[in-house]
Amino acid sequence: DSLVRIIREFCPTWIGIRSISLFIEEVRRVVTVAQQCVDVPVILGGPIATALKERVFDQVPNLTHAAIQEGEPVLAALLNGEPLHQIPGVYTRTSAGIVGNLPAPPPRNLDQLPQPDHRLVDLNMYARQLSYAYNQRRQGVLVTSRGCPYSCTYCFQISEAPVRLQTADRVVSDIRQMVEVHGIHDFYIVDDVFNLNRKRSMAVFEKLAEANLPARLYFVNGLRVDLCDEAFVDAMVRGGTVWVTYAIETAHPRVQAMIRKKLDLNHARRIINYSQRQGIVVNVNTMFGFPTETPDEAQTTLDYLGTLDH
């Protein structure tokens, strides 16, 4: 009922939905409700559309449009009034079947993209929900880079474009604007690999320390522990980091090789323990149930966790 009310009050020209495959049932319900409320195009994007392409229409029978890969070119074309069926990256259900267009090149210079207008977001509503870091505060979600050069078998990459980074100045400018204008103090970084470029990462931390902004950083995703060392952790702390997630996935050598994620587990243990000693809350991601993984191999990961200080 609340979704129906919001849609009718807003009177949209079109409705965009983003999702991952896990929430396919919710996508079906939202698409159905949206189409019952208003007679406007409903466009599904995000990882689920990019992964499935035309097959997403089989999964969501009421769906009429889907947009693949990165969304800015599609949104810009929509706002310019281009017909949906002609926009690069858009798939359309027609009487003759599913028709799709090749996507436009993704944005290469992330600094040229404008910051989202947070005046359009009810930040207090988000503050009433659990955040990525399991707290309830006004949230600033940052994507300071796009892309990943690694090829872990369990991961999905939405774009084939190379890794692209915002500059340190742009990252700090965005944080400053959200602190000073919107009263946001908790920032959740969801990059694929924030610390891929060490020089840029260190510059972000040092510039934040110099700015002395009342900002807390949560790396709920996007830190490769094998690219961290003690100096990097110290810089994170100076920059205001209070939470990190390090992804181990598995501690068994065979499974590591199978999923193409070969970590030096001794190095990872050292950095995890050091991060905790520096006062950072550390979350360690693990995965169980890989194809062919045996109970004994899974136990290896549990045993590894037991060797950590906390």
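Of all heavy-atom pairs spanning D191 and R200, the tightest one is OD2-NH2, 3.9 Å. In plain terms, the two heavy atoms of L302 and F288 that are nearest each other are CD2-CZ, 3.7 Å. Taking all atoms of both residues into account, the shortest heavy-atom contact from L78 to I87 is CD2-CD1, 3.8 Å. Across A251 and T301, no two heavy atoms sit closer than the pair N-OG1, 3.0 Å. For the pair I7 and C37, the tightest heavy-atom approach, listed with the atom from each and the gap, is CG2-CB, 3.9 Å. Across P61 and R93, no two heavy atoms sit closer than the pair O-NH2, 3.1 Å.
Donor-acceptor pairing under 3.5 Å is recorded for the side chains of D234 and Y274. N285 and T245 share no donor-acceptor pair across their side chains, judged by distance under 3.5 Å alone.
Looking at heavy atoms from C-beta onward, R146 lies in side-chain contact with P107 at the 4.5 angstrom threshold. Put simply, the side chain of E230 reaches to within 4.5 Å of the side chain of R270, judged on heavy atoms. R216 is listed as a side-chain neighbour of R137, based on a closest heavy-atom distance under 4.5 Å. Between I48 and S21, some side-chain heavy-atom pair lies under the 4.5 Å cut-off.
Panel note: side chain T50, backbone Q69; a donor-acceptor pair is recorded below 3.5 Å. Between the side chain of D111 and the backbone N or O of R170 there is no donor-acceptor pair closer than 3.5 Å. The backbone N or O of P162 lies less than 3.5 Å from a partner atom in the side chain of R164, making a donor-acceptor pair.
Cluster annotation: V143 is connected to V220 through the hydrophobic network of ILVMFWY side chains, with a link wherever side-chain heavy atoms come within less than 4.5 Å.
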Decide yes or no on side chain to side chain contact (heavy atoms under 4.5 Å, CB included) for I280 and V233, but give the supporting numbers first.
CA-CA 9 Å; I280 297 176; V233 174; 4.1 Å; yes
One pair to check against side chain to side chain contact (heavy atoms under 4.5 Å, CB included): C155 and Y150. What are the steps and the verdict?
CA-CA 9 Å; C155 193; Y150 297 97; over 6 Å; no
Would N195 and S201 satisfy side chain to side chain donor-acceptor pair (under 3.5 Å), going step by step from the backbone distance to the final call?
CA-CA 6 Å; N195 60 333; S201 302; 6.0 Å; no
Show your working on side chain to side chain contact (heavy atoms under 4.5 Å, CB included) between Q278 and M236 and close with a plain yes or no.
CA-CA 10 Å; Q278 300 311 109; M236 282 200 294; over 6 Å; no
Please test I43 against V90 for side chain to side chain contact (heavy atoms under 4.5 Å, CB included), starting from the C-alpha separation and ending with a verdict.
CA-CA 9 Å; I43 311 163; V90 170; 5.5 Å; no
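Salt bridge status for D229 with R198: present, with a side-chain N to carboxylate O gap under 4.0 Å. One finds a salt bridge joining E25 and R28 here, because a Lys/Arg side-chain nitrogen approaches an Asp/Glu carboxylate oxygen to under 4.0 Å.
Note that CG of L223 and CD1 of I271 are 11.5 Å apart. Values are rounded to the nearest 0.5 Å. To the nearest 0.5 Å, the span separating CD on Q139 from CG on L123 amounts to 8.5 Å. Here the CG-NE2 distance, from L84 to H65, works out to 4.5 Å after rounding to the nearest 0.5 Å. For the atom pair N283 CG and N221 CG, the distance stands at 10.5 Å (nearest 0.5 Å). To the nearest 0.5 Å, the span separating CG on N109 from CG on L165 amounts to 10.5 Å. Note that CG of L263 is 12.0 Å distant from CZ of R269, once rounded to the nearest 0.5 Å.
Residues satisfying the side chain to side chain donor-acceptor pair (under 3.5 Å) criterion with N135, sequence neighbours excluded, are S131, Y188, Y218.
Relative to the ring axis of Y154, R260 does not place its NZ or CZ within 45° and under 6.0 Å from the centre.
With F219 as the fixed residue, the side-chain contact (heavy atoms from CB on, under 4.5 Å) test singles out one of V190, V242, T241: T241.
Ring centroid separation for the pair F205 and F232 comes in under the 6.0 Å cut-off.
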